[in-house]
Amino acid sequence: MSGDVVSSSTQVQHGPVGQVGSGDGAFTTRQLSRLDEALTLSSKESGLEFSVYVGELAAPTRAHAEALFEQLNPISVLLAVSPGQRCLHIVTGDESAKRLPNRACALAALAMRAAFANGDLTGGITIGLRMLADSAGHA
Amino acid sequence: MTIVETVLVFVGIPAGIVAVLVFGVYGKTLLHQPNRYRPGKAWTYPPAWYVAHPDALDTHAAPAASVTAVGGASGEW
């Protein structure tokens, strides 16, 4: 299950736990709870296991995102966002690709790019999750 | 009234009132700067991986022997 995924030097978070209130994390408490709500709702609605990686990706970034995905399940969908490198990757597996064709992923990536270019990191991730869950439909 | 008193009354008091108003309007943002991402700014935070709360998932698929990426999309901004 995806809750056990830990890669070296990466912290796994279930919603707003950990650095709550300290203010030095990448996201504020309010942003973290929005992120958690979007993740949980879209996973629950679609039956796919969404996860969001935010951080540096080693070049080539696509290969790194796919390597991260290999620690997940075939039913998982990984949204890898590297704000420093200004790139994002959506990765689907055997099962999730049947529900999410590449065209649907490209549309979600387009909406995310638009939000990110405006500096709205949380909004972009939330929109991406919502669009992917909508196109996957109900489980 | 001496010149010092005049300056204090007609400059000091208005300046004080303005300072109070400015603090009332912008104080919260000045004291607590939200972590706002701006395109082009360096990202110095450690990598984080967010997953849905396990209680929300009712599909606990057994981890497959080998999971390979099949499709997806990429983008840059």
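So you know, we letter chains A, B, ... as the sequences are listed, proteins then strands, and number each from 1.
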Within the side chain of A:Asn102, is there an N or O that forms a donor-acceptor pair under 3.5 Å with the backbone of B:Gly72?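 Yes, A:Asn102 side chain to B:Gly72 backbone: donor-acceptor pair under 3.5 Å.
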Parallel, tilted or perpendicular: rings of B:Trp49 and A:Tyr53 (30°, 60°):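 Answer is perpendicular, since the angle exceeds 60°.
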Just wondering, more than 12 heavy atoms not from A:Glu56 lying within 6.0 Å of its CD?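 Count over threshold, so yes.
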Return yes when atom CG of B:Leu21 has more than 12 non-hydrogen atoms of other residues, nucleotides or ligands closer than 6.0 Å, and no otherwise.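 Atom CG in B:Leu21 is crowded, with more than 12 foreign heavy atoms closer than 6.0 Å.
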Any idea which heavy atoms bring [X] and [Y] closest together, and the distance?
X        : Y        : answer
A:Ala109 : B:Ser74  : CB-O, 4.4 Å
B:His53  : A:Thr40  : N-OG1, 3.8 Å
A:Ala97  : B:Val70  : CB-CG1, 3.8 Å
B:Glu76  : A:Arg113 : O-NE, 2.8 Å
A:Phe69  : B:Thr68  : CE2-O, 3.8 Å

Could you work out, with side-chain hydrogen bond (donor to acceptor under 3.5 Å, both in side chains) as the rule, every residue matching A:Glu66, not counting sequence neighbours?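 A:Glu66: side-chain hydrogen bond (donor to acceptor under 3.5 Å, both in side chains) contacts with A:Arg62.
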Test of understanding: clusters of I, L, V, M, F, W, Y form through side-chain heavy atoms closer than 4.5 Å, transitively. Do [X] and [Y] belong to the same one?
X        : Y       : result
A:Met112 : A:Leu35 : yes
A:Leu121 : A:Val52 : yes
A:Ile127 : A:Val77 : no
B:Val9   : B:Val4  : no
B:Ile17  : B:Leu8  : no

Can you say whether [X] sits under 4.5 Å from chain B via the side chain, the backbone, both, or neither, judging by heavy atoms?
X        : value
A:Leu78  : side chain
A:Ala106 : both
A:Ala117 : both

Taking only heavy atoms into account, what residues of residues 79-94 of chain A are found under 4.5 Å from chain B?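 A:Val81, A:Ser82, A:Pro83, A:Gly84, A:Arg86, A:Cys87, A:Leu88, A:His89, A:Ile90, A:Val91, A:Thr92, A:Gly93, A:Asp94, listed by number.
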Could you tell me if the side chain of B:Tyr37 sits less than 4.5 Å from the side chain of A:Val54, heavy atoms only?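 A side-chain contact under 4.5 Å is absent here.
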With a 4.5 Å limit on heavy-atom distance, are the side chains of A:Phe27 and B:Tyr50 in contact?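 Side-chain contact under 4.5 Å: yes.
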